[in-house]
Amino acid sequence: MIKEINAIPQEEIERIVKEKYPDDIIEEKKERDFLPPLTNVEQGKVVVRYPPEPSKHPHIGQMLSFCINHLIAERFGGKRILRFDDTNPGKVGKEFYESFREAILWMGLKIEEEVRASDYMELYYTKAEELIKNNDAYVCRCSREIMSKHREQGKVCSCNIENTDEINLDLFDKMLKGEYADGEAVVRLRGDMKSKNHVLRDPVLLRISSLPHAIHGDKYSVWPMYDFESPIMENIMGVTHILRSSEFGKMREELQSLISKKLGIIPPNFTEYRRFKIIGAPTQGRKIRELVNDGIVTGWDDYRLVTYQALKKRGIQPEVFLEIVKRIGATKSATSIDWSLIFSINRKFIEPNSKHLFFVQDPIKVKISNITTQEIEISYHPKIDSLGKRKINVKDVIYLSGDDRGLLKKGKILRLKDLCNIKIIEETSQNEYKAEFLGNELLSDAPRIQWVSEYVPVVIIKPEMLYLNNRIDKNSLKKIQGYGEINLKKLEVGEIIQLERFGYVKVNRINKKIKMNYIHG
RNA sequence: GCCUCGAUGGUGUAGUUCGGCCAAUCAUUGCGGACUCUCACUCCGCAGACCCGGGUUCAAAUCCCGGUCGAGGCACCA
């Protein structure tokens with residue numbers, strides 16, 4: 001019977017089904033969903049957060065993470081909270097708060113509410129006391145080394161066994177009063193020292209750090225750990241969904257849920273996706289800071305970096321980031337995205353707004369005989385008329401790109417784009433040629449090349465892959481020199497243009513020389 | 001070492017829940033063509049993938065078992 005059915009051709013089956021059971025046909029053309037699936041979603045009641053630590057400038061991984069959260073809120077009509085996780089006074093820097101806020105708004109994401117975790121210190125203290133009173137936490141005076149050894153071995157700490165709630169409360173009070181130095185006492189959760197999840201082995205909840213805080217100065221010296229601060233903040237801010245990358249680890253999710261439970265809080269829904277990596281660029285804040293400190297890159301805004309500052313300075317458009325997320329999604333597989341994707345998206349945004357101009361690198365001088373001096377007018381863009389036109393005065397000396405050197409053979413006929421045809425006579429000296437004017441009419445088979453007559457010197461910084469085969473390429477920031485047409489002087493600083501047959505660049509400085517940076521091809 | 005997660009073209013993904021419509025989607029990349037007085041944009045075409053080995057089944061990218069490889073976590077950082 002089955003074999004008989006299988007023998008019927010597919011089209012036949014479709015025809016029969018359509019005729020006899022039209023109602024059973026389910027037409028489904030599912031749109032590809034770039035957002036991760038969520039549980040417990042209630043339209044209009046979703047609250048997500050952007051939780052940066054203001055200890056460095058944002059990088060692309062965080063930016064894409066913000067995009068995902070923004071998109072989720074957008075889809076479900078929810079709220080976005082910018083929460084600064086600034087509870088490590090040793091790391092927090094004042095300038096970074098604004099840097100994150102700026103990056104988020106720059107990308108066009110929305111922020112409905114903003115908080116600083118460090119503004120809730122009394123709350124953490126109250127919650128810690130609550131845990132101590134409930135026998136869920138204790139003060140531990142062991143050294144860091146012993147604690148870590150015990151956690152490794154799964155050995156219960158004597159502080160856990162011996163300290164009564166009264167003693168713990170008293171010790172905690174002393175911590176708050178500043179009677180202990182850094183490292184001399186911590187509050188620990190009574191977790192499970194035998195748990196396979198090592199994070200659950202009596203983790204530290206609060207510790208002492210006397211370092212001044214960028215916002216609060218010396219006001220506090222007992223600081224909550226991330227795993228303690230986070231569930232409390234999420235609860236009071238009403239966060240329903242946490243979407244974060246895997247660097248926080250599945251094990252923390254369990255811990256944070258446990259802490260929530262002990263505090264009588266319902267934990268939010270966790271969704272984890274992979275870290276965003278870019279081929280050839282460091283994507284860890286720590287690593288980037290190292291490169292900056294070691295002077296391997298010129299700063300946080302070095303063109304080769306994937307920080308907010310670098311990307312923005314380079315000329316990557318704000319809309320690109322949301323678009324990246326829509327294209328690559330938020331999966332769990334460990335992957336690296338390619339610069340070419342970023343470039344391709346960016347190109348689509350900048351191309352309709354970019355004037356096209358001429359530039360020749362490594363210039364070659366060509367003297368043309370028989371040419372009459374003339375003024376020509378060329379559009380700034382072949383399709384977008386609103387970008388206007390520019391005039392070029394052509395004399396008998398022009399410059400060609402060193403890239404086209406191979407074409408400069410005796411007798412070769414070339415088409416100077418938008419101008420005229422020339423015939424190469426001879427090479428008169430190093431980098432100098434003599435040519436002959438050959439009329440203006442378009443010759444279909446002559447190579448069309450860029451040229452410059454009246455020029456301005458141009459210096460272009462071109463970033464390449466910082467990492468090649470896992471090794472730092474110290475020469476990855478290249479400098480290209482050449483001549484650009486004189487109209488480059490009329491551009492504005494910050495303007496993005498296309499240098500034909502070269503690539504897209506951003507104008508950084510207009511002086512005797514014009515300084516630009518290469519964005520991409 | 002321990003824990004968790006993952007594996008589809010060069011890159012990123014869709015499809016896996018519930019096996020058949022998958023000789024496998026879309027994008028990017030590469031190559032070719034059209035358009036254009038650019039190697040840009042746009043349009044058309046081509047190339048290129050189910051980690052390996054077993055098993056279940058009429059039928060496996062999809063289910064089961066065993067490997068391999070990769071990522072993340074295992075702080076008094078976040």
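None of the values given here were measured: they were computed from a predicted structure. Residue numbers start from 1 in every chain, and the chains themselves are labelled A, B, ... in the order their sequence lines are given, proteins ahead of strands.
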Taking only the [atom1] atom of each, what is the distance from [N] to [M] in whole angstrom?
N	M	atom1	result
B/rA71	B/rU62	P	24 Å
B/rU25	B/rU8	C1'	11 Å
B/rC64	B/rG19	C1'	13 Å
B/rA7	B/rU36	C1'	44 Å
B/rC18	B/rA61	C1'	16 Å
B/rG10	B/rG66	P	29 Å
B/rU56	B/rA24	P	28 Å
B/rA27	B/rU13	C1'	8 Å

| query | Any donor-acceptor pair under 3.5 Å joining the side chain of A/Arg144 to the base of B/rC76? | reply |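 Donor-acceptor pair under 3.5 Å: no.
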| said: On the side chain of A/Lys196, is there an atom forming a donor-acceptor pair with the base of B/rC3 - under 3.5 Å, no angle test? | reply: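 No, no donor-acceptor pair under 3.5 Å.
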Do the side-chain N or O atoms of [X] get closer than 4.0 angstrom to the phosphate oxygens (OP1, OP2) of [N]?
X	N	answer
A/Lys355	B/rC41	no
A/Arg347	B/rC41	yes
A/Arg83	B/rA78	no
A/Lys332	B/rA7	no
A/Ser246	B/rA71	no
A/Ser333	B/rG12	no
A/Arg274	B/rU13	yes
A/Arg448	B/rU38	yes
A/Thr335	B/rU11	no
A/Ser148	B/rA75	no
A/Arg252	B/rC74	yes

Testing the 3.5 Å rule here: is there a donor-acceptor pair between the side chains of [X] and [Y]?
X	Y	answer
A/Asp227	A/Gln256	yes
A/His216	A/Ser118	yes
A/Ser333	A/Thr335	no

| Shortest side-chain distance from A/Arg327, nucleotide among B/rA78, B/rA40, B/rU28 |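 Minimum distance to the A/Arg327 side chain belongs to B/rU28.
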| request: Among the candidates B/rU38, B/rC74, B/rC39, find the nucleotide nearest to the side-chain atoms of A/Lys417. | output: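 For the A/Lys417 side chain, the nearest candidate turns out to be B/rU38.
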What is the separation between atom [atom1] on [X] and atom [atom2] on [N], rounded to the nearest whole Å?
X	N	atom1	atom2	answer
A/Leu443	B/rC37	CG	P	14 Å
A/Leu341	B/rG30	CG	P	13 Å
A/Phe343	B/rU28	CZ	P	15 Å
A/His198	B/rC3	NE2	P	8 Å

Pairing partner (Watson-Crick or G-U wobble, both distances under 3.5 angstrom) of [N]:
N	answer
B/rG45	B/rC31
B/rG1	B/rC74
B/rU68	B/rA7

| NA contact type, A/Gly329, heavy-atom cut-off 4.0 Å: base, sugar-phosphate, or nothing? |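 Contact class for A/Gly329: none.
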| task | Report which part of the nucleic acid A/Arg188 touches: base, sugar-phosphate, or nothing (heavy-atom distance under 4.0 Å, all strands). | result |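 Counting heavy atoms under 4.0 Å across all strands, no contact is made by A/Arg188.
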| task | Kindly state whether the pair A/Phe248 / B/rG73 counts as stacked, where counting means centroids closer than 5.5 Å and planes tilted less than 30° apart. | result |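 So no, this residue does not stack on that base, at least one cut-off failing.
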| field | Lys/Arg N to Asp/Glu carboxylate O, A/Lys383 vs A/Glu351, below 4.0 Å | value |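 The answer is no: the pair does not qualify as a salt bridge.
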| request: Let me know, please, whether A/Ile279 or A/Ser344 comes out on the 5' side of the other along RNA chain B by nearest nucleotide. | output: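 Result of the comparison: A/Ile279.
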| Inter-residue atom distance A/His150.NE2 - A/Glu145.CD, 0.5 Å rounding |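 Spacing of NE2 (A/His150) from CD (A/Glu145) equals 11.5 Å.
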| What is the distance from atom CE of A/Met121 to atom OG of A/Ser221, rounded to the nearest 0.5 Å? |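 The OG atom of A/Ser221 is 8.5 Å from CE of A/Met121, to the nearest 0.5 Å.
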| request: Go through the steps to decide whether A/Asn517 and A/Arg314 satisfy the test side-chain hydrogen bond (donor to acceptor under 3.5 Å, both in side chains), and finish with yes or no. | output: CA-CA 7 Å; A/Asn517 72 275; A/Arg314 180 167 180 160; over 6 Å; no
